[in-house]
A.B. asks: 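Encoded as structure tokens, here's the structure I'll be asking about.
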Number of protein chains: 2
Amino acid sequence: MKIDTVFDALGSTPRRKILAYLSETSLTAGEIAERFDMSKPALSKHLKVLENAGMVKSEKKGQFVHYSLADQNMLATLHSFLTTFCPVGGPLKREGAAIARARRKAT
Amino acid sequence: MKIDTVFDALGSTPRRKILAYLSETSLTAGEIAERFDMSKPALSKHLKVLENAGMVKSEKKGQFVHYSLADQNMLATLHSFLTTFCPVGGPLKREGAAIARARRKAT
DNA sequence: ACACTAGTTAACTAAATAGCTAATTAGTTA
DNA sequence: TAACTAATTAGCTATTTAGTTAACTAGTGT
């Protein structure tokens with residue numbers, strides 16, 4: 001699961017609202033579409049983005065598709081996010097550190 | 001500070017890279033632009049988005065503008081994010097709960 | 001089989017976004 | 001003052017994205 005897809009998924013107000021709406025109970029695609037006064041196809045697309053990002057899961061029951069949050073992935077994602085900004089970090093972070101070191105030597 | 005502006009700011013790969021790059025040290029606009037092989041105006045726009053979201057702060061020193069992370073806001077933001085998905089929540093969350101209740105009565 | 005409902009896919013349009021270059025503002029230095 | 005550097009703003013273009021309607025797939029019920 002790519003962290004970028006998660007942030008892209010979150011970078012949309014309608015999708016954040018969908019997530020909040022799903023936070024208490026699972027809902028069918030139709031129930032969500034009705035709540036947000038949005039066409040079903042538009043909603044279907046948002047749900048797919050969220051599902052690709054691993055933030056939502058779906059289960060087909062008869063002709064209905066029930067959507068719900070995939071919590072544990074959310075937490076893993078947030079952890080990954082925090083490690084970028086707070087403690088250890090990726091290559092770019094190390095690059096920044098190298099610049100800071102070079103500066104201390106220079107002055 | 002609006003939570004939506006924060007997520008909009010994060011919903012961009014270049015901006016997430018800029019944040020990671022800034023995570024170790026403050027940098028001037030020019031240093032960042034150079035690193036990302038992007039024109040200064042394009043970068044200036046990203047920095048403004050990040051600053052409006054309260055994730056980055058700037059300080060002018062002579063002709064240079066030094067940018068750095070505004071950490072405490074990041075944490076406040078993340079807390080707000082977590083409260084949406086994990087424990088208590090906003091109006092939409094309550095709406096979802098109401099639906100769940102109605103269902104329990106109906107069945 | 002037929003009609004009906006839930007959902008997704010396809011094809012398209014309109015609006016927002018990311019990037020550029022050129023021009024401008026502000027600070028430095030000769 | 002003039003020349004130079006850092007950064008932002010203005011104005012533009014190209015791409016992406018969000019939304020639409022129409023068509024299609026699949027499940028339910030008569």
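Order of the sequence lines fixes the chain letters, A, B, ..., with proteins taken first and strands second; residue numbering starts at 1 for each chain. Since this is a predicted model, take the numbers as computed values, not measurements. FYI, side chains are in, hydrogens and waters are out, and symmetry mates aren't considered; it's all heavy atoms of this structure.
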A.B. asks: Once rounded to the nearest 0.5 Å, what's the spacing between atom CD of E34(A) and atom CG of L27(A)?
C.D. replies: 11.0 Å
A.B. asks: Determine whether D4(A) and K17(B) satisfy the following criterion, salt bridge (charged side-chain N to carboxylate O under 4.0 Å, His left out), listing intermediate values before the conclusion.
C.D. replies: CA-CA 11 Å; D4(A) 287 302; K17(B) 287 185 178 172; over 6 Å; no
A.B. asks: Could you point out which residue of I18(A), L47(A), T28(A), L43(A) forms a side-chain contact (heavy atoms from CB on, under 4.5 Å) with Y67(A)?
C.D. replies: L47(A)
A.B. asks: Can you identify which nucleotide, out of dA18(D), dA7(D), dG7(C), has its nearest atom closest to the V65(A) side chain?
C.D. replies: dG7(C)
A.B. asks: Name all residues meeting the side chain to side chain contact (heavy atoms under 4.5 Å, CB included) criterion together with S44(A); count only those two or more places apart in sequence or in a different chain, and write none if there are none.
C.D. replies: none
A.B. asks: Consider the side chain of S44(A), meaning its heavy atoms from C-beta on, and name the nucleotide among dT8(C), dA7(D), dG19(C) that approaches it most closely.
C.D. replies: dT8(C)
A.B. asks: Could you measure the distance from the NE2 atom of H66(B) to the CD1 atom of I32(B)? Nearest 0.5 Å is fine.
C.D. replies: 10.5 Å
A.B. asks: Between H66(B) and dA6(D), is there a side-chain N or O to OP1/OP2 distance below 4.0 Å?
C.D. replies: no
A.B. asks: Could one point to a donor on the side chain of K45(A) or the base of dG19(D) with an acceptor on the other under 3.5 Å away?
C.D. replies: yes
A.B. asks: What is the distance from CD of E34(A) to P of dT5(C), rounded to the nearest Å?
C.D. replies: 14 Å
A.B. asks: If I take atom CE in residue M38(B) and atom C1' in nucleotide dT21(C), what distance separates them, rounded to the nearest angstrom?
C.D. replies: 16 Å
A.B. asks: Mind calculating the distance between CG (D37(A)) and P (dG19(D)) to the nearest angstrom?
C.D. replies: 11 Å
A.B. asks: Under 4.0 Å between a side-chain N/O of K48(A) and OP1 or OP2 of dT9(C), yes or no?
C.D. replies: yes
A.B. asks: Quick one: L50(B) CG to dT8(D) P, roughly how many Å, whole number?
C.D. replies: 12 Å
A.B. asks: Considering the terminal five base pairs at each end of the helix from dA1(C)-dT30(D) to dA30(C)-dT1(D), what angle separates the two local helix axes, rounded to 10°?
C.D. replies: 20°
A.B. asks: Nearest of dC20(C), dA18(C), dT21(D) to any side-chain atom of R15(B)?
C.D. replies: dA18(C)
A.B. asks: Under 4.0 Å between a side-chain N/O of S12(A) and OP1 or OP2 of dT17(D), yes or no?
C.D. replies: no
A.B. asks: Does K57(A) reach the main-chain N or O of L69(A) with its side chain, forming a donor-acceptor pair under 3.5 Å?
C.D. replies: yes
A.B. asks: Out of dG27(D), dT8(C), dT21(C), which has the shortest distance to the side chain of P41(B)?
C.D. replies: dT21(C)
A.B. asks: Rounded to whole angstroms, how far apart are NZ on K60(B) and P on dA7(D)?
C.D. replies: 9 Å
A.B. asks: Within this structure, what is the CG-NE2 distance for the pair L50(B) and H46(B), rounded to the nearest 0.5 Å?
C.D. replies: 8.5 Å
A.B. asks: Could you state the atom-to-atom distance from CG of N52(B) to P of dT8(D) in whole Å?
C.D. replies: 12 Å
A.B. asks: Rounded to the nearest Å, what distance is computed from the NZ atom of residue K40(B) to the P atom of nucleotide dA22(C)?
C.D. replies: 16 Å
A.B. asks: Side-chain N or O of Y67(A) versus OP1/OP2 of dA6(C): is the shortest distance under 4.0 Å?
C.D. replies: no
A.B. asks: Write down the distance between CG (L47(B)) and C1' (dA6(D)), rounded to a whole number of angstrom.
C.D. replies: 13 Å
A.B. asks: Quick one: label A42(A) by what it contacts on the DNA or RNA (base, sugar-phosphate, nothing), any heavy atom closer than 4.0 Å.
C.D. replies: base
A.B. asks: Taking only side-chain N and O atoms of H46(B), does any of them lie within less than 4.0 angstrom of OP1 or OP2 on dT17(C)?
C.D. replies: no
A.B. asks: Looking only at N and O atoms, is any donor in the side chain of Q63(B) or the base of dT28(C) less than 3.5 Å from an acceptor on the other one?
C.D. replies: no
A.B. asks: Is the closest basic N to carboxylate O distance between D8(B) and R16(A) below 4.0 Å?
C.D. replies: yes
